[in-house]
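Encoded as structure tokens, the structure appears first; notes follow it.
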Amino acid sequence: MGLPSDEIKKGITRAPHRSLLRALGLGAEDMGLPFIGVVNSFNEIVPGHMHLRSVAEAVKNGIRAAGGVPFEFGGIGVCDGIAMNHEGMRFSLASRELVADEVEVMARAHAFDGLVLIPNCDKIIPGMMMAALRLDIPAIVVSGGPMMAGELDGEKVDLHDVFEAVGAGLTGKVDEERIGRLEECACPGCGSCAGLFTANSMNCLTEALGLALPGNGTIPAIDEGRLKLAERTGRRAVELVNAGGPRPREIVDERAIGNALAVDSSMGCSTNTVLHLAAIAFEAGVGFELSRVNEVTAATPHLCSLSPAGTYHMEDLHRAGGVQALMKTLLDGGRLDGAAASIAGGSIADTVSEATVSDADVIRPLDNAYHETGGLAVLFGNLAPDGSVVKESAVAPDMLQHVGRALVFESEPDLVEALEKGAIEPGSVIVIRYQGPRGGPGMPEMLTPTAAIAGAGLDRQVALITDGRFSGATRGASIGHVAPEAFIGGPIALVTDGDEIEIDIPGRKLQLSVDEAELERRRQSLQPREPRYKTGFLSRYVKLVHGADSGAVVW
């Protein structure tokens with residue numbers, strides 16, 4: 001049986017194709033070898049991606065050493081931190097679909113036999129995995145690794161500390177000199193931001209899903225082990241092609257999704273992982289119901305407390321044994337399906353068999369968990385009939401249940417302005433709407449207002465609800481992904497200032513205390529909104545994107 005790349009290199013009719021390949025420097029002997037696409041999302045605007053040239057070179061060295069021919073091509077990548085709090089954030093989640101599409105286009109157009117995927121930040125990681133599942137050719141992920149934490153006055157700091165300092169500065173609690181010092185040291189070098197934000201959450205889940213070799217989630221960007229991992233990944237890609245798999249859809253099944261949810265819950269990952277796992281499951285042809293998140297969370301203790309919920313960082317998790325040690329802990333406790341497959345070969349149980357925990361506070365045992373249940377929760381109720389998501393592990397205990405009066409905003413800047421003026425009363429439930437997949441468009445993250453609320457010392461007194469989403473660096477009672485969204489007439493569009501809202505995170509409930517007759521009256525008078533964009537990429541995106549409860553997939 002031949003290789004898919006034989007379509008462009010075998011037979012007399014492919015002489016023109018071979019001529020073009022020879023122009024690249026290939027010889028006759030190369031025409032019989034596996035062609036491996038190396039998808040490098042390097043760019044010079046994203047700190048998590050600026051070092052990926054060296055990772056790609058190590059991957060290509062591994063491919064050549066194993067008897068393959070590497071072909072590197074580029075991919076886009078948005079930095080959520082730089083895109084935050086301006087128009088750029090509307091393009092962030094939407095870019096995930098472009099990432100998946102461009103990988104699909106390049107792989108199909110050039111008949112690659114296999115792929116090595118090199119992402120590092122938020123939407124690029126799931127986008128590349130979505131493409132791998134769509135293509136279903138041998139593929140493996142190796143990321144650029146996490147950034148080291150910075151240090152200020154003897155304490156570890158990261159990007160979320162800078163955002164929260166800005167919030168404190170807006171209310172006069174911190175001066176500009178302190179903010180400036182934080183700015184200079186919070187991001188000390190390359191890599192995905194040092195806490196358990198979305199990028200690092202998703203990189204850890206590549207291991208849980210079985211699509212990356214051990215260490216991919218936690219080996220720091222600056223560690224020489226990152227390049228060794230990249231070289232091994234390149235070798236493994238060729239082995240996968242020669243062996244005929246396993247292919248991505250043979251790995252990512254119901255068991256893999258369940259394992260990813262369990263690891264997610266035990267770590268207290270970003271709420272964005274729910275969006276991305278739903279989209280990955282969609283591409284894998286695997287069912288995904290939001291209620292499953294609550295089922296897994298109820299059975300999975302919260303074992304790691306990393307920034308922004310705790311004081312540890314990714315470097316600490318790596319030192320403690322990494323994702324493999326955490327998975328071994330879950331497996332030994334019956335919280336993981338060890339029979340699920342791994343790209344490393346064999347099962348997940350085989351992959352984690354040698355892993356050990358070296359710091360029992362960074363990765364706690366099941367009988368000494370930070371919380372008895374996992375880090376994420378999905379809330380339902382008349383305000384979110386199709387669900388909403390909160391990072392329960394990052395919510396103060398006294399805000400897990402809260403009843404407050406609504407303060408409604410229809411843009412992020414309006415809320416920030418209200419915070420600056422001191423117009424947010426303790427006990428309020430802030431609602432920011434028309435920020436969903438279609439209304440935003442693109443579900444813009446709102447780290448600036450959540451960090452401002454925390455910086456102002458209100459995170460234990462104020463809740464925030466939106467049909468948009470929150471950064472993985474967010475903490476507090478921040479409930480996102482409310483579905484259906486306001487733009488399509490979801491109940492969040494009917495809320496008015498002063499309405500009573502009941503939040504019960506342990507009870508998984510989000511309720512608007514307004515009778516149905518009044519809600520129907522408001523519904524009848526609700527005026528449809530025009531899309532924000534009439535031309536360009538986002539105008540097309542709005543026509544095709546589905547709700548947050550489905551992972552905001554496009555089809």
Side-chain angles (χ1 to χ4, degrees), residues 43-51 77-86 88-89 92-93 119-125 143-170 174 176 178-204 217-218 220-222 267-273 305-318 391 394 412 416 444-456 459 469-476 478:
N43 62 51
E44 293 182 339
I45 186 63
V46 183
H49 291 224
M50 69 177 184
H51 64 302
V78 172
C79 177
D80 279 12
I82 296 174
M84 194 72 65
N85 196 23
H86 64 90
M89 183 45 68
S92 175
L93 178 62
N120 209 31
C121 290
D122 299 31
K123 312 311 166 298
I124 303 94
I125 305 159
S143 75
M147 184 186 292
M148 302 295 286
E151 187 170 318
L152 181 65
D153 298 334
E155 294 186 359
K156 293 291 182 69
V157 293
D158 58 45
L159 185 64
H160 106 274
D161 293 293
V162 185
F163 274 99
E164 291 198 0
V166 170
L170 291 174
V174 169
E176 288 190 26
R178 168 76 180 182
I179 295 173
R181 292 175 63 212
L182 261 174
E183 174 189 328
E184 291 176 358
C185 65
C187 299
C190 63
S192 46
C193 296
L196 190 61
F197 314 143
T198 306
N200 288 324
S201 294
M202 289 308 303
N203 275 328
C204 288
T218 60
I222 63 171
M267 295 180 71
C269 290
S270 162
T271 52
N272 283 317
T273 58
S305 186
L306 308 183
S307 173
T311 58
Y312 291 120
H313 292 85
M314 295 304 297
E315 62 209 64
D316 300 304
L317 178 59
H318 179 62
K391 189 171 183 176
E412 186 178 343
V416 174
E445 282 186 348
M446 284 171 278
L447 179 55
T448 298
T450 58
I453 287 167
D459 57 303
R469 60 196 179 90
F470 297 111
S471 165
T474 291
R475 62 186 174 95
S478 300

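The two atoms that bring Ile45 and Asn43 nearest to each other are N-OD1, 3.1 Å, heavy atoms only. Across Pro308 and Lys391, no two heavy atoms sit closer than the pair CD-NZ, 3.8 Å. Scanning both residues, Val162 and Ala186, for their nearest heavy atoms gives CG2-CB, 3.4 Å. Listed here is the closest heavy atom pair of Met446 and Thr450: O-OG1, 3.1 Å. Considering all non-hydrogen atoms of both residues, Cys79 and Pro47 come closest at SG-CD, 4.1 Å. Here the closest heavy-atom approach between residue Ala83 and residue Val78 is recorded as CB-CG1, 4.0 Å.
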**Request:** With side chain to side chain contact (heavy atoms under 4.5 Å, CB included) as the test, would you mind laying out the steps for Glu176 and Glu183 before giving the verdict?
**Result:** CA-CA 10 Å; Glu176 288 190 26; Glu183 174 189 328; over 6 Å; no
**Prompt:** Going through the distances and angles, do Phe197 and Ser307 end up as a side chain to side chain contact (heavy atoms under 4.5 Å, CB included)?
**Reply:** CA-CA 8 Å; Phe197 314 143; Ser307 173; 4.0 Å; yes
**Message:** Checking Thr311 against Glu155 for the side chain to side chain contact (heavy atoms under 4.5 Å, CB included) test, could you report, in this order, the C-alpha distance in whole Å, the side-chain angles of both residues, the deciding distance, and whether it holds?
**Reply:** CA-CA 9 Å; Thr311 58; Glu155 294 186 359; over 6 Å; no
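Residues Pro220 and His318 are in side-chain contact: their nearest non-hydrogen atoms beyond the backbone lie under 4.5 Å apart.
Atom-to-atom distance recorded for Met84:CE and Phe163:CZ is 5.0 Å, nearest 0.5 angstrom. Note that NE2 of His160 is 12.0 Å distant from SG of Cys193, once rounded to the nearest 0.5 Å. Note that SG of Cys269 is 10.5 Å distant from CG of Asn203, once rounded to the nearest 0.5 Å. To the nearest 0.5 Å, the span separating CD1 on Ile222 from CE on Met147 amounts to 10.5 Å. To the nearest 0.5 Å, atom NE2 of residue His49 and atom OG of residue Ser192 are 8.0 Å apart. Taking CG from Asn272 and CE from Met202, the interatomic distance works out to 9.5 Å, rounded to the nearest 0.5 Å.
Under the side-chain contact (heavy atoms from CB on, under 4.5 Å) criterion, Met50 pairs with Cys190, sequence neighbours left out. For the salt bridge (charged side-chain N to carboxylate O under 4.0 Å, His left out) test, residues two or more places apart in sequence or in another chain that qualify with Arg178 are Asp153. In terms of the salt bridge (charged side-chain N to carboxylate O under 4.0 Å, His left out) criterion, Glu412 has no residue partners (sequence neighbours excluded). Met314 is linked by a side-chain contact (heavy atoms from CB on, under 4.5 Å) to Pro146, Leu196, Asn200, Cys204, Thr218, Leu306, Leu317, counting only residues two or more places apart in sequence or in another chain. Contacts of Glu44 classified as side-chain contact (heavy atoms from CB on, under 4.5 Å), with partners at least two apart in sequence or in another chain: Phe42, Arg53. In terms of the side chain to side chain donor-acceptor pair (under 3.5 Å) criterion, residue partners of Asp80 (sequence neighbours excluded) are, by chain and number, Ser92, Lys123. With sequence neighbours excluded, the residues forming a side-chain contact (heavy atoms from CB on, under 4.5 Å) with Asp161 are Val157, Asp158, Leu182, listed by chain and number.
Applying the salt bridge (Lys or Arg N to Asp or Glu O under 4.0 Å) test to every pair with at least one member in residues 305-316, sequence neighbours left out, gives these pairs: Lys156-Glu315, Asp316-Arg319.
Within 6.0 Å of CD1 in Ile82 there are more than 12 heavy atoms belonging to other residues, nucleotides or ligands.
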